[in-house]
Chemist: 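Quick one: the structure is below, and I'll ask about it shortly.
Everything numeric in this text was worked out from a predicted model, so none of it was measured.
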Amino acid sequence: IHNNQIKIIELNSFLNIPNLIEIHLKNNRLEKLNENFLINIPNVRKVDLSMNSISNIVNNFFGNCRYLEYLDISNNKLYALDRETFIGLENSLKYLFIIHNELQLIKNYYFANLVRLEELHLKENQISAIEINSFETLINLKKLDLNNNMLFRINFNMFSNFKNLAYLYLNSNDEIKSYTIGKNYLESLLELSMFKIYMLENYIFSYYSKLRILYLYSCSIEIIQTDSFYGLLNLNYLYLRDNRIKNLNNSLNTLINLY
């Protein structure tokens, strides 16, 4: 029932179809999720609520969706989440899309206990800050997309528990005023393009020994120190185009697996 003009879905709208496993409400005119119309479809696996005008999700709205694996609430007007927004999804949710909303701050309880989550997509919000423990319980996360936000301070230690994280996207955020890169298990891709970095300090990636792809294009990089890429033992691809680099300072000499 996507691409309609639905404004309200009443509580018992899906009363007699308990075996429904997917519900697509994309591109309607929903504004608030107050009535828990999902309560009568406990076996639902996928819910798409994207491209509406949702500004609020009532607490425990997904409380009866113990098998829900895929949730898309992108392109709405959510400016905040609650402690109980995702209650009931702790042992099922794998894919969560909150793209192009109005989130400004990620609090440490937003995604608490979503231990099965594998992909979290938060790009194109207005996020300027992330509390340090916001992702602490996401132990199975493989992909995190924070592209196109307003981040200006990054503490990479917040990603240190991600032993399965393969893809981290941080493109097109604000100028970094301060950043700390600590121990990380990132294995595949780190994307920092269009992030105003100016200088790559020595050993900044020293804990990323498993990383294979690093994007640093259009970062306004002017200085690369000699040991900036030290520790990137398995790096295969490095993208540095459209910067202001004047001298590589032999910084590439440690990248023995670069293609």
Side-chain angles (χ1 to χ4, degrees), residues 1-107 109-128 134 138 141 143-150 169 172:
I1 47 177
H2 60 281
N3 298 334
N4 281 285
Q5 299 183 33
I6 300 170
K7 291 184 177 181
I8 297 174
I9 300 179
E10 297 176 350
L11 179 63
N12 293 321
S13 297
F14 305 102
L15 182 60
N16 295 315
I17 44 177
N19 294 319
L20 189 68
I21 60 172
E22 292 191 11
I23 182 165
H24 296 265
L25 287 160
K26 179 180 180 180
N27 196 21
N28 277 283
R29 299 174 65 184
L30 297 171
E31 295 183 357
K32 295 183 179 181
L33 300 182
N34 291 326
E35 295 284 354
N36 190 355
F37 58 82
L38 297 176
I39 195 168
N40 295 310
I41 43 176
N43 295 308
V44 67
R45 262 69 170 178
K46 180 177 181 178
V47 173
D48 188 346
L49 293 162
S50 62
M51 298 181 68
N52 282 279
S53 298
I54 300 167
S55 60
N56 181 64
I57 301 176
V58 68
N59 285 345
N60 205 35
F61 182 80
F62 303 103
N64 200 44
C65 301
R66 57 181 178 174
Y67 299 111
L68 185 64
E69 297 181 350
Y70 182 106
L71 175 60
D72 192 345
I73 46 178
S74 301
N75 295 89
N76 281 288
K77 297 181 179 180
L78 294 168
Y79 57 87
L81 302 173
D82 200 272
R83 292 181 183 273
E84 298 183 4
T85 299
F86 302 117
I87 287 291
L89 304 181
E90 296 89 344
N91 296 311
S92 63
L93 194 64
K94 294 181 179 180
Y95 308 98
L96 178 56
F97 297 80
I98 318 179
I99 298 168
H100 198 80
N101 276 271
E102 300 176 8
L103 299 178
Q104 298 180 15
L105 169 67
I106 300 299
K107 296 191 175 183
Y109 56 77
Y110 279 5
F111 311 112
N113 302 317
L114 293 178
V115 295
R116 296 198 63 188
L117 198 66
E118 296 181 8
E119 295 187 13
L120 177 57
H121 298 262
L122 294 167
K123 70 179 181 180
E124 297 172 9
N125 278 276
Q126 302 170 29
I127 301 167
S128 60
S134 297
L138 306 182
L141 200 67
K143 181 182 290 187
L144 176 60
D145 190 346
L146 287 160
N147 281 352
N148 297 93
N149 278 286
M150 302 174 67
Y169 300 90
S172 301

Chemist: Between atom OG1 of Thr85 and atom CG of Leu78, what is the distance when rounded to the nearest 0.5 Å?
Modeler: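 Output value for this atom pair is 8.5 Å.
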Chemist: Just wondering, do Leu144 and Leu138 contact through their side chains at under 4.5 Å, heavy atoms?
Modeler: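 Answer no - side chains too far apart.
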Chemist: I'd like to know if the side chain of Ser50 reaches the main chain of Ser74, judged simply by a donor and an acceptor atom lying under 3.5 Å from each other, with no hydrogens or angles considered.
Modeler: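 No; judged by distance alone, with no hydrogens or angles, the pair does not exist.
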Chemist: State, to 0.1 Å, how close Val44 and Lys46 come at their nearest heavy-atom pair, and which atoms those are.
Modeler: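 Scanning both residues, the minimum pair turns out to be CG2-O, 3.5 Å.
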Chemist: Once rounded to the nearest 0.5 Å, what's the spacing between atom CG of Asp82 and atom CG of Asn59?
Modeler: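 CG of Asn59 is found 4.0 Å from CG of Asp82.
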Chemist: How long is the straight-line distance from CD1 of Ile127 back to CG of Asn148, given to the nearest 0.5 Å?
Modeler: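 The distance works out to 11.0 Å.
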Chemist: Could you tabulate the donor-acceptor pairs under 3.5 Å formed by side-chain atoms of residues 109-123, not counting sequence neighbours?
Modeler:
| from | atom 1 | to | atom 2 | distance (Å) |
| --- | --- | --- | --- | --- |
| Tyr110 | OH | Leu81 | N | 3.4 |
| Arg116 | NH1 | Asn91 | O | 3.2 |
| Glu119 | OE1 | His121 | NE2 | 2.9 |

Chemist: Mind checking whether Ser53 and Lys77 have side chains closer than 4.5 Å, heavy atoms only?
Modeler: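 Side chain of Ser53 against side chain of Lys77, heavy atoms only: contact under 4.5 Å found.
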Chemist: Hey, does the side chain of Asn4 reach the backbone of Asn28 with a donor-acceptor pair shorter than 3.5 angstrom?
Modeler: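 Pair absent, no side-chain N/O of Asn4 close to backbone of Asn28.
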Chemist: Using 0.5 Å steps for rounding, measure from the CD1 atom of Ile98 to the CG atom of Asp145.
Modeler: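 Taking CD1 in Ile98 and CG in Asp145, the distance rounds to 12.0 Å.
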Chemist: Once rounded to the nearest 0.5 Å, what's the spacing between atom CD of Glu69 and atom OH of Tyr95?
Modeler: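 Those atoms lie 7.5 Å apart.
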Chemist: With a 6.0 Å cut-off (strictly less than), is the heavy-atom count around CD of Glu31, excluding the residue itself, greater than 12?
Modeler: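 Incorrect, the count does not exceed 12.
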Chemist: Hey, are the side chains of Ile106 and Leu146 touching, using non-hydrogen atoms and a 4.5 Å cut-off?
Modeler: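 Result no, sub-4.5 Å side-chain heavy-atom pair not found.
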Chemist: Which heavy atom of Phe61 sits nearest to which heavy atom of Ile57, and what is that distance?
Modeler: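 The pair with the smallest heavy-atom distance is CB-CG2, 3.7 Å.
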Chemist: Which pair of heavy atoms, one from Asn43 and one from Pro18, lies closest together, and at what distance?
Modeler: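 Where Asn43 meets Pro18 most closely, the heavy atoms are ND2-O, 3.2 Å.
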Chemist: Parallel under 30°, tilted from 30 to 60°, perpendicular over 60°: which one fits the rings of Phe86 and Phe62?
Modeler: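 Plane angle under 30°, so parallel.
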Chemist: Is there a donor-acceptor pair under 3.5 Å between the side chain of Ser128 and the backbone N or O of Met150?
Modeler: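 Checked: no pair found.
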Chemist: Going through the checks in order, is the side chain to side chain donor-acceptor pair (under 3.5 Å) test met by Asn27 and Asn3?
Modeler: CA-CA 5 Å; Asn27 196 21; Asn3 298 334; 2.9 Å; yes
Chemist: Testing the basics here: between Leu49 and Ile54, what is the closest heavy-atom pair and its distance to 0.1 Å?
Modeler: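 Closest approach of Leu49 to Ile54, heavy atoms only: O-CD1, 3.9 Å.
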Chemist: With His2, which residues qualify under side chain to side chain contact (heavy atoms under 4.5 Å, CB included), at least two apart?
Modeler: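 Scan of His2 (side chain to side chain contact (heavy atoms under 4.5 Å, CB included), adjacent residues dropped) gives His24, Lys26.
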Chemist: State, to 0.1 Å, how close Leu11 and Asn40 come at their nearest heavy-atom pair, and which atoms those are.
Modeler: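 Here Leu11 and Asn40 meet closest at O-ND2, 3.6 Å.
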Chemist: With rounding to the nearest 0.5 Å, note down the distance linking SG in Cys65 to CG in Asn36.
Modeler: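 If we round to the nearest 0.5 Å, Cys65:SG and Asn36:CG are 7.0 Å apart.
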Chemist: Is it the case that atom CD1 in Ile1 sees more than 12 heavy atoms from other parts of the structure closer than 6.0 Å?
Modeler: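 Correct, the count exceeds 12.
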Chemist: Compare every heavy atom of Leu103 with every heavy atom of Tyr79, then report the nearest pair and how far apart it is.
Modeler: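 For Tyr79 versus Leu103, the nearest heavy atoms are C-CD2, 3.6 Å.
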